[in-house]
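Worksheet: the structure to be examined is printed underneath.
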Amino acid sequence: MKLLIERSVEGRRTHILPESDVPQSPLPAEFAREEPLDLPQLSESDISRHYSELAKQAFGVNDGFYPLGSCTMKYNPAVNEEAAALPGFTKVHPLQPQESVQGCLEVLGRSEQILCELTGMEEMTFQPAAGAHGELTGLLLIKKYHEMHGNSGRTKIIIPDSAHGTNPASAVMAGFEVVNVPSAPDGGVDMDALRETAGQDTAGLMLTNPNTLGIFDRNILEITKVIHEAGGLCYYDGANLNAIVGNARPGDMGFDVVHLNMHKTFSTPHGGGGPGAGAVGTRGELKAFLPGKRICFCRDEEGGHWTMEERPQSIGSVRGFYGNFLVQVRALTYLLDLGGGGLREVSANAVLNANYLRTLLAPYCKVATDGMCMHEFVLDLGEIKEKTGVSAMDIAKGMLDCGMHAPTMYFPLIVHEALMFEPTETEGKETLDAAAEAVIGLLKKAETDPESLHAAPVTTPIGRPDEVGAARNPRLHWGE
Ligand SMILES: *Cc1c(COP(=O)(O)O)cnc(C)c1O
């Protein structure tokens with residue numbers, strides 16, 4: 001497929017910008033380029049066809065089943081986009097006077113109220129642009145807390161070995177040292193190891209519950225108690241909130257700081273590096289350290305109005321203004337659309353769908369943990385690989401030829417040939433039945449025709465890219 005720059009034709013133009021309604025002011029000569037910028041010269045239809053062609057090579061939730069575990073690839077309702085396209089939300093400037101953006105402040109204020117109610121937190125910031133960014137923000141809150149208390153010896157963050165890779169990465173970025181705790185045979189945190197690890201050097205714990213094996217840790221109250229008694233704080237990675245939203249709250253489990261991935265639980269687009277949102281909530285003393293301004297509602301004779309207050313003890317901004325505001329508009333639309341009852345059903349159906357699919361697949365492949373799962377489960381293909389030579393990667397690639405996205409591969413790291421399925425609540429029974437049938441077909445093929453699975457996929461625009469090469473020697477510029 002040709003790149004835009006390769007399609008460029010000298011002199012071809014697209015005029016899409018409206019006439020400027022402000023006086024032009026030429027750039028001072030010292031800032032101007034000496035040579036013109038080499039931009040592709042194209043008509044609007046050239047550009048439009050280019051992006052349509054690109055879009056056809058990608059696979060999204062609107063194309064088919066997308067069980068990418070831990071990522072909660074649910075359907076994003078179209079009404080979210082309608083709300084986010086309203087001119088009152090799109091044609092505003094973050095420096096406008098507060099009286100002129102009351103609706104926007106209300107979006108943030110009401111989002112905060114609802115999300116605090118769902119998580120058991122008291123205040124939130126909407127600045128962080130993703131879950132991982134929220135982790136860093138939350139850890140900086142914990143760091144500030146210990147600084148304010150003179151706890152200079154609390155330098156370690158405890159993280160279970162089933163954790164998402166962003167957890168240790170964020171802890172290190174925030175200046176902490178990471179200590180791993182192993183998982184117990186049931187997939188939960190090993191309590192004896194945790195008790196041994198927690199101590200005077202503990203700054204806090206990072207945990208997602210249910211964890212990446214799809215297991216709700218039944219010791220959760222004890223876990224947060226052990227950390228609190230050691231003088232540490234507890235951070236909740238909210239990436240798996242879809243499993244419990246409306247039914248259980250991290251605050252009630254004893255967590256002090258929470259991040260939420262709006263693109264997972266709250267149906268905003270997974271940006272592929274684009275604009276995202278990872279609100280961070282907290283309570284008690286830590287509230288004062290949140291980044292950004294506090295949104296408040298002041299009652300007056302006419303009902304009330306929204307205002308913003310500085311937080312003098314804030315850790316400082318982690319992003320401009322209010323974060324990716326339009327993402328939050330989409331999330332609030334979803335929250336209001338579903339209401340409390342609807343959200344409770346979301347998690348109930350997410351758990352039901354995961355258990356349904358697990359039950360269909362379990363006779364054909366080992367499941368990493370016994371018993372019921374929450375919103376996702378992990379298949380362990382270790383024995384199948386040993387017997388047939390077909391790996392988790394081969395089965396995942398084979399799924400692409402069946403018109404599905406692959407599950408998450410080789411994660412969590414504690415299961416060696418892992419395939420992690422998260423069907424989400426937005427899939428119907430027919431889709432789950434068809435997906436199970438396809439995967440079972442592939443597992444049987446592993447015995448009869450392993451070679452064909454090593455060769456998969458054969459129907460996609462690209463077969464097996466050199467992933468290591470792409471990561472180690474990325475070509476990020478055209479024409480090199
Ligand atoms: C997705 C995910 C994250 C990181 O969130 P991003 O929004 O992708 O930055 C962290 N932890 C877990 C368990 C996740 O699944």
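All values derive from a computational prediction rather than experimental measurement. Just follow the structure's listing: the first ligand is 1, and inside any ligand the first atom is 1.
Formation of a donor-acceptor pair under 3.5 Å by the Asn167 side chain with backbone atoms of Ala163 is not found in this model.
Atoms of ligand 1 found under 4.0 Å from any heavy atom of Ala132, numbered from 1 in the order shown, are 4 (C), 5 (O), 6 (P), 9 (O). Near Ser70, with a cut-off below 4.0 Å to any heavy atom, the atoms of ligand 1 are 13 (C), 14 (C), 15 (O). Every atom of ligand 1 is numbered from 1 in the order shown, and the set under 4.0 Å from a heavy atom of Ala130 is 7 (O), 9 (O). Listed by atom number, the atoms of ligand 1 under 4.0 Å from Thr166 heavy atoms are 3 (C), 4 (C), 10 (C), 11 (N).
Of the polar atoms of Gly131, at least one N or O is found under 3.5 Å from an N or O of ligand 1, judged by distance alone. Below 3.5 Å of separation, one finds no N or O of Thr212 facing any N or O of ligand 1. Residue Asp237 has at least one nitrogen or oxygen atom sitting less than 3.5 Å from a nitrogen or oxygen atom of ligand 1, judged on distance alone.
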Handout entry: Check against salt bridge (charged side-chain N to carboxylate O under 4.0 Å, His left out), Glu376 and Lys264
Key = CA-CA 13 Å; Glu376 63 192 5; Lys264 295 183 181 172; over 6 Å; no
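Ion pairing between Glu82 and Arg330 fails under the 4.0 Å rule for side-chain N and carboxylate O. Using a cutoff of 4.0 Å between basic side-chain nitrogens and carboxylate oxygens, Glu425 and Arg344 are not scored as salt-bridged.
Aromatic rings from Tyr322 and Phe126 are positioned such that their centres are separated by 6.0 Å or more.
Only side-chain heavy atoms of Ala239 come within less than 4.0 Å of ligand 1; its backbone N, CA, C and O stay farther off.
Nearest-heavy-atom check against atom 10 (C) of ligand 1 across Glu135, Met420, His270, Glu422 picks out Glu135.
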Can you give each donor-acceptor pair under 3.5 Å made by side-chain atoms of residues 401-411, sequence neighbours left out, with the distance rounded to 0.1 Å?
residue : atom : partner : partner atom : Å
Asp401  : OD1  : Val458  : N            : 2.9
Asp401  : OD1  : Thr459  : N            : 2.9
Asp401  : OD1  : Thr459  : OG1          : 2.5
Asp401  : OD2  : Val458  : N            : 2.9
His405  : NE2  : Tyr66   : OH           : 3.2
Thr408  : OG1  : Gly69   : N            : 3.0
Thr408  : OG1  : Gly69   : O            : 2.7
Tyr410  : OH   : Met393  : N            : 3.2
Tyr410  : OH   : Glu417  : OE1          : 2.9

